[in-house]
Amino acid sequence: MNTSEYLSETQRAPDDVNRRPLIGLLSATGFAQTGNVLSLVVVPWLVYQITGSGAQTGLVGFAAAAPLVLAGLFGGVFIDRIGHARTALLAEMFSGVFLALIPILRLTIGLEVWAIAALVFISNLFSAPGMAARRSLIPDVAERASMTLERANSLEQIMNRLPQLLAPLAAGGLMAVFHPANVIWLTVALVWLSALSIAVAVRDAAPILDQQAASYWTDLAAGFRFVIQDRLMRVLVLVLAFTNLLEAPLSIVLPIYSDEILSGPVDLGIVMAALGIGLLIGVSLYAIIGHRLPRSWIFIGGLCGIGATYFGLAMLPGLWVAASILFLTGIMAGPVNPMLSTIYQERVPANMRGRVFAMAGAVSLSMMPFGRLLGGMVIDWFGLSTLLLMQAIGFAAIGVVMLLLPALRLLDAGKPALQAQPVAAVPIRDARPGTGLTNR
């Protein structure tokens, strides 16, 4: 994509530039992602301390990842109908409610593993549409801030990645002092702050969607057809599904690695923070020079580089070597997500963003629940080193396949012209001050 061309399309007069919605959306993303990272550290650690079982820890990981797929497949229509900003607001509010039940149950009737699995499942069933809704808002707030999509998506990813630097350290330190279940209260507060940021700063930037009489299933089918008929998106989501299958066990591996090989929750915070630093650097580099690099290099090189680091982890090194390996992993992985977000936003009309983004995300994440479940079982049966070696080999195989896929040449083909969608079209009016979060 030619960045100067996009800037000329979205450039506003100085008096019309409004960065407040962008700042609000970035703040909401930062709060929500900090809460997500905290729970990603705390919940597996809590389950492993209760059960001592990699398989049961993986089962809870499956329960946490499965709603990301289900909500994406079937919830995207509601994002477009309810509205992007309103969905983001309501999703975080209800997600926090169900997370709060984990420490409440511990203090009342007691906390069982099945209850943890059920509550994280329901919580993520709400939070998943919120993530897609926030991503759907980026083109609108970027336009109001007179900012390119590459830059806006990089800033959004920085707010996604910065918590991966700070939150694991905070989680490790807090769990060394407090019961892990009590640390979840901080996650609850953060996701509610995310909802507040949307309500206060983003509402006037959200487009108002006039939904016509199309049925739910018609709208759902329109989103599905868009994904499968766009050749590049179809290939990207399928490749990502398999890479997520391989990468998913990492959220199980690191807590167990820290408990068995390293020295506990503080070391867990350090290695996850190292990954976060690498991701932050990778995203920042993309914000500065990403629009000048071939997208195929970023995508194929990044995913192949991620796989190479797993060979090092399979040797089960000590703290600082493991932290260094994860740091390099983060640098290579960092540019991939903002680049993919930019590609999707370039190709999807505004009236279909909720459906298409949620569905593409669901397909991309469809193998993640099974990756976590199988990863826990492999750890119990064969050990950590075997699982990490299997992940490394799998990434190497995917790298070879990607080099042979003709569709990935479209990564460097530039921005396509968006056309009106004939199925379940939704007219869009500019948001006006005072309209709030309602859809008319």
Side-chain angles (χ1 to χ4, degrees), residues 1-2 65 68-74 76 128 131-132 135-136 138-139 149-150 153 157 220-248 282 286 290-291 293-308 332-349 352-371 391-419 421 423:
M1 170 184 173
N2 188 316
L68 303 179
V69 179
L70 293 175
L73 289 175
F74 300 105
M131 289 186 280
R135 194 162 66 249
S136 299
I138 290 174
L149 278 178
E150 285 98 342
N153 281 309
Q157 281 296 310
L220 187 68
F224 180 74
R225 278 198 298 272
F226 190 98
V227 174
I228 64 172
Q229 290 175 358
D230 187 294
R231 186 182 176 196
L232 178 59
M233 289 190 67
R234 180 174 69 244
V235 171
L236 287 176
V237 297
L238 290 175
V239 169
L240 291 171
F242 285 101
T243 57
N244 281 325
L245 170 69
L246 294 172
E247 191 178 3
Y286 182 80
H291 60 283
L293 300 176
R295 290 172 172 177
S296 57
W297 293 10
I298 295 172
F299 186 63
I300 298 175
L303 293 182
C304 291
I306 293 168
M332 289 177 285
V336 174
N337 279 346
M339 186 203 72
L340 291 174
S341 295
T342 301
I343 291 171
Y344 291 173
Q345 290 155 7
E346 289 172 353
R347 304 180 82 85
V348 181
M352 299 189 72
R353 285 182 204 149
R355 279 168 283 173
V356 175
F357 290 179
M359 192 163 293
V363 177
S364 299
L365 298 174
S366 60
M367 306 294 281
M368 181 178 287
F370 302 100
Q391 290 173 281
I393 294 172
F395 267 105
I398 288 176
V400 173
V401 171
M402 286 193 296
L403 292 173
L404 302 176
L405 289 175
L408 291 184
R409 296 170 190 163
L410 295 173
L411 284 168
D412 301 319
K415 175 184 175 182
L418 295 182
Q419 298 179 356
Q421 297 301 307
V423 180

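No experiment lies behind these values; they were computed from the predicted model shown. Computed over heavy atoms, backbone and side chain alike; hydrogens, waters and symmetry mates excluded.
Pairing each heavy atom of P369 with each of S366, the nearest pair is CD-O, 3.5 Å. Across every non-hydrogen atom of G223 and M359, the tightest pair is C-SD, 3.9 Å. The two atoms that bring P335 and I298 nearest to each other are CB-CG2, 3.6 Å, heavy atoms only. Considering every non-hydrogen atom in both S136 and R353, the closest pair reads O-NH1, 2.9 Å. When all heavy atoms of V239 and M402 are compared, the pair lying nearest together is CG1-SD, 3.7 Å.
Of the possible donor and acceptor atoms, one in the side chain of R135 sits under 3.5 Å from a partner among the backbone N and O of F357. A side-chain donor-acceptor contact under 3.5 Å links N244 to the backbone of S364. Not a single donor-acceptor pair under 3.5 Å links the side chain of S341 to the backbone N or O of P338.
Considering only heavy atoms from C-beta on, D230 stays 4.5 Å or farther from R234 through its side chain. Residues L303 and I398 are not in side-chain contact: their nearest non-hydrogen atoms beyond the backbone lie 4.5 Å or more apart. Residues L340 and F299 are in side-chain contact: their nearest non-hydrogen atoms beyond the backbone lie under 4.5 Å apart. Side-chain contact between R347 and V356 is absent, with no heavy-atom pair separated by less than 4.5 Å.
Between atom CD1 of residue I343 and atom CZ of residue R295 there is a gap of 5.0 Å, rounded to the nearest 0.5 Å. The line from CZ of F224 to CD of Q229 is 10.0 Å long, rounded to the nearest 0.5 Å. The OG1 atom of T243 sits 10.5 Å away from the CE atom of M367 when rounded to the nearest 0.5 Å. Atom CG of L236 is separated from atom CG of L240 by 6.0 Å, given to the nearest 0.5 angstrom.
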What do the steps show when you test Y344 against V237 for side chain to side chain contact (heavy atoms under 4.5 Å, CB included), and what is the final call? CA-CA 11 Å; Y344 291 173; V237 297; 3.6 Å; yes
